[in-house]
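Predicted model only: the values in this text are computed from it and were never measured.
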Amino acid sequence: KGQIPFYKGNSGAYWFVSTKRTEGGSNAEFDMVEQLGSERNVVANLHQWNPHASNDGTVPRAERSHTFESEPEVLRTETHTYFMEWTPEYVDFGVDGEVYFHAPLTDDAKPMWNSEVDLDTFRLPIYFIMSEYLYTPARKLGCSMDGTEEPFKWTMKVDHVALYQK
């Protein structure tokens, strides 16, 4: 349960990364909630990073994502309960008890991915990260970073983290 500062140019996230790689060298990233410099959107992502993946898209990474939009003041000023339910068959991402992204991890769901995917990547052990940083392509988002959004004064508030295993 926490509060991520939602301002243009800021990027706060609660996310998970696999602790090891598959035999083919891929690892997994689960973005439970990520705010990529926009003041309105929360994004949930699943990424399969192959050993040669690039951010510019010249070497693809397999991914699925979904955007949840809300009012900036609600996201900025209220504490929310973000969650991820992860099973061998699916991953659900949600906020305040409502699932906003369901991603099946079964062979029949492979066509939903943007490129070839090894679903075993999403069955590796994972660890939890809370992060906040300046989103570098801020100019693309219309951010001047001139002080109007009080840059570098953002605070991530965390009430508690609870991890459960069945």
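Within the structure, salt bridge (Lys or Arg N to Asp or Glu O under 4.0 Å) contacts touching residues 79-102 (residues at least two apart or in different chains) are E85-K166.
F93 approaches N45 most closely through the heavy-atom pair CZ-O, 4.0 Å. Nearest heavy atoms, Y14 versus K157: OH-O, 3.8 Å. Scanning all heavy atoms of the two residues, the minimum distance from S131 to M156 falls at O-CE, 3.0 Å. In terms of heavy-atom proximity, M32 sits nearest to M84 at SD-N, 3.5 Å.
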Report task. Evaluate the criterion side chain to side chain contact (heavy atoms under 4.5 Å, CB included) for residue pair L119 and K110; output intermediate values, then yes/no. Result -> CA-CA 8 Å; L119 294 174; K110 283 185 176 183; 4.0 Å; yes
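F16 is not connected to L124 by any chain of hydrophobic side-chain contacts under 4.5 Å among Ile, Leu, Val, Met, Phe, Trp and Tyr, and they are in different clusters. A chain of hydrophobic side-chain contacts below 4.5 Å, direct or via other Ile, Leu, Val, Met, Phe, Trp or Tyr residues, connects V158 to F128. Tracing side-chain contacts under 4.5 Å through hydrophobic residues (I, L, V, M, F, W, Y), one reaches F101 starting from Y82; they form part of the same cluster.
V17 shares a hydrophobic cluster with W15, Y127, I129; the chain of contacts runs through ILVMFWY side chains whose heavy atoms sit under 4.5 Å apart. Through direct or relayed side-chain contacts under 4.5 Å between Ile, Leu, Val, Met, Phe, Trp and Tyr, V99 connects to F83.
Remark: S18 OG to H47 NE2 distance equals 12.5 Å, nearest 0.5 Å.
Within the 4.5 Å cutoff, the side chain of V33 has no heavy atoms near those of the H80 side chain.
With sequence neighbours left out, the side chain to side chain contact (heavy atoms under 4.5 Å, CB included) criterion links P88 to R123. Listed by chain and number, the residues in a ring pair (Phe, Tyr, Trp, His ring centres under 6.0 Å) with F30 are W86, F122 (sequence neighbours excluded). Shown here are the side chain to side chain contact (heavy atoms under 4.5 Å, CB included) partners of D108, two or more places apart in sequence or in another chain: T106. Residues passing the side-chain hydrogen bond (donor to acceptor under 3.5 Å, both in side chains) test with N27, sequence neighbours excluded: R21.
Of the possible donor and acceptor atoms, one in the side chain of D118 sits under 3.5 Å from a partner among the backbone N and O of D120.
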